[in-house]
2 protein chains.
Amino acid sequence: MLSKKTKYGLKALAYLASKENRQPVQIAEIAKHENISQKFLESILLSLRKTGLLSSKKGKGGGYYLIKEPSEVLMTDVMRILEGPIAMVPCVSLNFYEKCDDCPDEGACSVHKLMLQVRDSALEVYRNNTLEDLIR
Amino acid sequence: MLSKKTKYGLKALAYLASKENRQPVQIAEIAKHENISQKFLESILLSLRKTGLLSSKKGKGGGYYLIKEPSEVLMTDVMRILEGPIAMVPCVSLNFYEKCDDCPDEGACSVHKLMLQVRDSALEVYRNNTLEDLIR
DNA sequence: ATTTACCCTATAGATTTAGTAGATTTTTAA
DNA sequence: TTAAAAATCTACTAAATCTATAGGGTAAAT
């Protein structure tokens, strides 16, 4: 299941990308337009800023805005920031690899084999989509 | 993330499939061989029986066994039983569809569009794998 | 002074991952 | 025929973690 954090984060990014100019957009405006709890969105946008997808400006006329062009923002990066590993088990994760403690031999593991395929297929989708692709 | 329930269920099914004959295999044997908490596995196997993937026999010489040949068991069915919907959001689910309450227009939703692609790619993997594919 | 993002904390509820205790059914053996 | 043993089945409980959100105050820009 996709967490609401990810869902809201994606919607917020798409909303920012849909704006012609790169003027800051206030949290309240995004929250209202996308039907998101404003306080929750606040923390999501913060994490997007800290990981380098967004920048912000305080005070009047402030808000959040995209750093890069939408066409430069890969969904692999967005998903990893919002949702975490793309792999469904740590033992097939490229960026968050961990050995299973119950599994003596990864090469012989049926789950490993299946989840490798699932990871690769998901990865291909995310690699072929940028933020720009989402808004048309 | 794949739940441990699903992971253990897959391993148990693969173990049963790897047995040449279709004699019942006891919970304890599966649990030991796959490093799974026996009591937890018990409830997982029960749900697999109730959904028609396994059958069981009580008493001495009893245990669980596959109803169908491993090559006849599609991973789409297994995953839906163990993990639930394959889609990451209900609004793109084939078997568990639900409308998002925050989303006025599915057709215009960026999340919807992306998650459709992810669902289709995962579905293709699961459709092209049977239990037999997992054990070689 | 006003407006906005930023930061910290708490929390209710759900889900996950088990553990405990016993009931039920089947087979085997006395 | 009866009793014991072997296995699944059922129900209840509980700890731990995660999720989604709210509240209240701080810092910075205008």
Side-chain angles (χ1 to χ4, degrees), chain A residues 1-12 16 23-32 34-67 82-85 88-90 96 98 100-102, chain B residues 1-12 16 23-32 34-67 81-85 88-90 96 98 100-102 111:
Chain A
M1 265 304 178
L2 205 68
S3 67
K4 290 203 171 181
K5 177 187 174 187
T6 302
K7 187 182 178 186
Y8 293 163
L10 287 173
K11 284 192 170 191
L16 289 176
Q23 295 305 306
V25 181
Q26 297 159 26
I27 297 174
E29 179 183 336
I30 306 174
K32 193 179 175 189
E34 300 293 338
N35 293 306
I36 303 172
S37 144
Q38 176 164 344
K39 215 60 180 141
F40 191 24
L41 180 59
E42 206 175 302
S43 68
I44 297 169
L45 293 175
L46 206 57
S47 80
L48 289 171
R49 183 183 66 85
K50 287 184 174 169
T51 49
L53 285 184
L54 296 179
S55 192
S56 66
K57 196 175 168 233
K58 289 183 181 177
K60 186 159 193 175
Y64 282 93
Y65 54 95
L66 286 170
I67 289 180
L82 288 171
E83 187 75 3
M88 295 185 79
V89 278
F96 303 84
E98 258 180 71
C100 298
D101 42 355
D102 60 304
Chain B
M1 266 302 178
L2 204 68
S3 68
K4 290 204 172 182
K5 177 188 174 185
T6 302
K7 187 182 179 187
Y8 293 163
L10 287 173
K11 285 192 169 192
L16 290 176
Q23 296 304 307
V25 180
Q26 296 159 28
I27 297 174
E29 179 183 335
I30 306 173
K32 192 178 174 191
E34 300 294 337
N35 292 307
I36 304 172
S37 144
Q38 176 164 341
K39 216 46 188 162
F40 191 25
L41 180 60
E42 213 173 300
S43 68
I44 296 169
L45 293 176
L46 209 56
S47 80
L48 289 172
R49 182 182 67 82
K50 287 183 175 168
T51 48
L53 284 184
L54 296 179
S55 192
S56 66
K57 194 172 169 240
K58 287 187 181 178
K60 186 157 191 177
Y64 283 92
Y65 54 95
L66 286 170
I67 288 180
I81 288 169
L82 287 171
E83 188 75 3
M88 294 185 79
V89 278
F96 303 83
E98 260 179 70
C100 297
D101 44 354
D102 60 304
V111 177

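Just so it is clear, the structure is predicted and the values come from calculations on it, not from any experiment. Each chain gets a letter, A, B and so on, in the order its sequence line appears, and its residues count up from 1.
For A/E42, the side-chain atoms get nearest to C/dC7 when compared with the rest of C/dC7, C/dA5, D/dT30. Side-chain atoms of B/K39 lie closest to C/dG19 of the nucleotides C/dC7, C/dG19, D/dT8. With distances taken from any side-chain atom of B/Y64 to the nucleotides D/dT8, C/dA5, C/dT17, the minimum falls on D/dT8. You'll find that the side chain of B/K57 is closest to C/dT27, out of C/dT27, D/dA22, D/dT10. Distances were taken from every side-chain heavy atom of A/K4 (C-beta onward) to each of D/dT21, D/dT10, D/dA6; the shortest belongs to D/dT21. Of the candidate nucleotides C/dA18, C/dT17, C/dT4, C/dT4 has the atom nearest to the side chain of A/Q26. In this structure, of C/dT3, C/dC7, D/dA20, it is C/dT3 that holds the atom nearest to the side chain of A/K60. For A/S56, the side-chain atoms get nearest to C/dA5 when compared with the rest of C/dT17, C/dA5, D/dT30.
The interatomic distance linking A/L45 (CG) with C/dT4 (P) rounds to 15 Å, in whole Å. Regarding B/D102, its CG atom lies at a distance of 18 Å from the P atom of D/dT19, rounded to whole Å. C/dA18 atom P lies 11 Å from atom CG of B/L41, rounded to whole Å. Atom P of nucleotide D/dA20 and atom CE of A/M1 are separated by 11 Å, given to the nearest angstrom. Note: NZ (B/K50) to P (D/dT8) measures 15 Å, nearest angstrom. As rounded to whole Å, 12 Å separates atom P of D/dG23 from atom CD of A/Q38. The distance between atom CZ of A/R49 and atom C1' of D/dA27, rounded to the nearest whole Å, is 12 Å. To the nearest angstrom, C1' of C/dT4 lies 14 Å from OH of A/Y65.
At least one side-chain nitrogen or oxygen of B/Y8 sits closer than 4.0 Å to the OP1 or OP2 atom of C/dA18. Within the 4.0 Å cut-off from OP1 or OP2 of D/dA22, at least one side-chain nitrogen or oxygen of A/S37 is found.
Side-chain contact between A/I44 and A/L82 is present, with at least one heavy-atom pair separated by less than 4.5 Å. Under the 4.5 Å side-chain criterion, counting only non-hydrogen atoms from C-beta, A/L45 is in contact with A/I30. The closest side-chain heavy-atom distance from B/K4 to B/S37 is not below 4.5 Å. Contact of the A/E34 side chain with the B/D102 side chain is not registered, since no non-hydrogen atoms from C-beta on lie closer than 4.5 Å.
Both A/K5 and A/K58 lie close to DNA chain D; mapped to their nearest nucleotides by heavy-atom distance, the more 5′-ward contact belongs to A/K5. With the nearest nucleotide of DNA chain C identified for both A/G63 and B/F40, A/G63 has the one nearer the 5' end.
Under 4.0 Å is where a charged nitrogen must lie from a carboxylate oxygen, and between A/E29 and A/K32 no such pair does.
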